[in-house]
Undergrad: 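One structure is given below, represented as structure tokens, and several questions about it will come after.
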Amino acid sequence: MQASFQDGGKIWTCAIAGRLLRGRQVQVRVAVIGDRVRFKEEPSSQGLHGVIQEILPRDNQISRPAPSGGRRQYQEQVVIANLDRLWIIASLADPALNLIFVDRILAAASHQGVDCGLVLNKVDLKKAADPAPVRALYGSLGYPVQLCSALEGQGIEELRKALSRGIGAFVGLSGVGKSSLIAALEPGLKLRTSRVAEKSRQGRHTTSTSRLFPLSCGGYLADTPGMREFGLWGMARLDLAACFVEFRTHEEGCRFRDCLHDHEPDCAVRAAVERGEVDAGRYRSYLGLLEKLPASLGDWRDRRN
Ligand code: GDP
Ligand code: ZN
């Protein structure tokens, strides 16, 4: 296992100390992109070499389910650590704005302790949905919202500023403009396209490595194939409500402590939806996601989302 590190312009190629690998299964990576590590210099005639001695505690991590064993079993595979912000890219048209997708990613990120932001792309299109209510809603929930046109350049400077510190990553449905935004932000930077991923899914074996791309504005943009499978993995039904920030002020008023805010009597969250204090669309997203989650974590063995 090898990893490269940029250290003020210098790149160190490091192996991982054997004792950190002991007892691990091959597919579980010990160090992932975004990890902060301590390493020791190793004499080498070619470039800068080192051995990683310690992986420092992570602020957060995003993982995906990795197949494990012959039966339909999955284990957690971390794909990135210490992400500063995950940007959910959505388009206002072509494809139509999909807030259920946005809410699913927001919930999954919240569960993994990752801050999110929302990019509404394709503002230039005549048939674009009105971004004002979307911006107001998600802004009121505490998420930064950026309107953009990758094609005409609106919002690109602001997005660049938002990406100028720490590690950012993009996630979004196919066709919303992720590659176009990256090209507008950083001309010349080539990240994997979704086409490559589709080919590899059809059986072509590619060992896809993850990378952090330094941006000229200062931050890093993560390119990791695992982001495509980013979902509600490892969550049970009772975990979901905590991922909807606006439920928190109401759920103390529910009759049952383990209220799922679905059909339970005297549910304060549902009452808040009826009064218009909680957005009805967000509540619908919640119910849709709830339905897909297992009652307990043990049930993840047989399902994926
Ligand atoms: P990705 O699948 O998310 O990487 O999406 P792409 O960047 O490949 O974009 C999909 C299509 O949308 C392409 O035809 C782009 O030219 C187009 N597109 C991307 N951004 C914009 C935008 O801001 N405005 C308009 N009108 N089209 C865009
Ligand atoms: Zn309730």
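Remember, it's 1-based here, ligands and their atoms both numbered in the order they're listed.
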Undergrad: Nearest to atom 15 (C) of ligand 1 by heavy atom, Gly177, Pro95, Ser180, Ala184: which?
TA: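 Looking at heavy atoms only, Ser180 sits closest to atom 15 (C) of ligand 1.
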
Undergrad: Does only the side chain of Asn121 get under 4.0 Å from ligand 1, or the backbone, or both, or neither? Count heavy atoms.
TA: side chain

Undergrad: With a 4.5 Å heavy-atom cut-off, do Arg275 and His250 have their side chains touching?
TA: yes

Undergrad: Taking the side chain as C-beta and beyond, is there a heavy-atom pair between Leu120 and Tyr138 under 4.5 Å?
TA: no

Undergrad: Is the CD1 atom of Ile100 crowded by more than 12 outside heavy atoms at less than 6.0 Å?
TA: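 No, CD1 of Ile100 has 12 or fewer neighbouring heavy atoms, counting only those of other groups under 6.0 Å.
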
Undergrad: Taking both backbone and side-chain atoms of Cys148, is any N or O found less than 3.5 Å from an N or O belonging to ligand 1?
TA: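 Among all N and O atoms of Cys148, none is under 3.5 Å from an N or O of ligand 1.
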
Undergrad: Which atoms of ligand 1 are found less than 4.0 Å from any heavy atom of Leu125?
TA: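 Here the atoms of ligand 1 in question are 26 (N).
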
Undergrad: Hey, what do you get for CZ (Arg19) to CD (Glu54), rounding to the nearest 0.5 Å?
TA: 8.0 Å

Undergrad: Return the name of the atom in His261, of element N, O or S, nearest to the Zn ion (ligand 2).
TA: ND1

Undergrad: Any side-chain heavy-atom pair from Arg58 and Val32 closer than 4.5 angstrom?
TA: yes

Undergrad: To the nearest 10°, how many degrees is the angle Cys267 SG to the Zn ion (ligand 2) to Cys254 SG?
TA: 110°

Undergrad: Measuring from the heavy atoms of Gly175, does anything fall under 4.0 Å of ligand 1?
TA: yes

Undergrad: Quick check on contacts: which atoms of ligand 1 are under 4.0 angstrom from a heavy atom of Ser149?
TA: 23 (O)

Undergrad: Does the side chain of Trp87 come within less than 4.5 Å of Leu163's, by heavy atoms?
TA: yes

Undergrad: Check the side chains of Tyr283 and Asp103 for a donor-acceptor pair under 3.5 angstrom, ignoring hydrogens and angles.
TA: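 Judged by distance alone, the side chains do not pair up.
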
Undergrad: Among Asp94, Leu92, Ile89, Asp124, which one puts a heavy atom closest to atom 22 (C) of ligand 1?
TA: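 Nearest heavy atom to atom 22 (C) of ligand 1 lies in Asp124.
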
Undergrad: So if I count the atoms of ligand 1 from 1 in the order they appear, which ones are less than 4.0 Å from some heavy atom of Ser174?
TA: 2 (O)

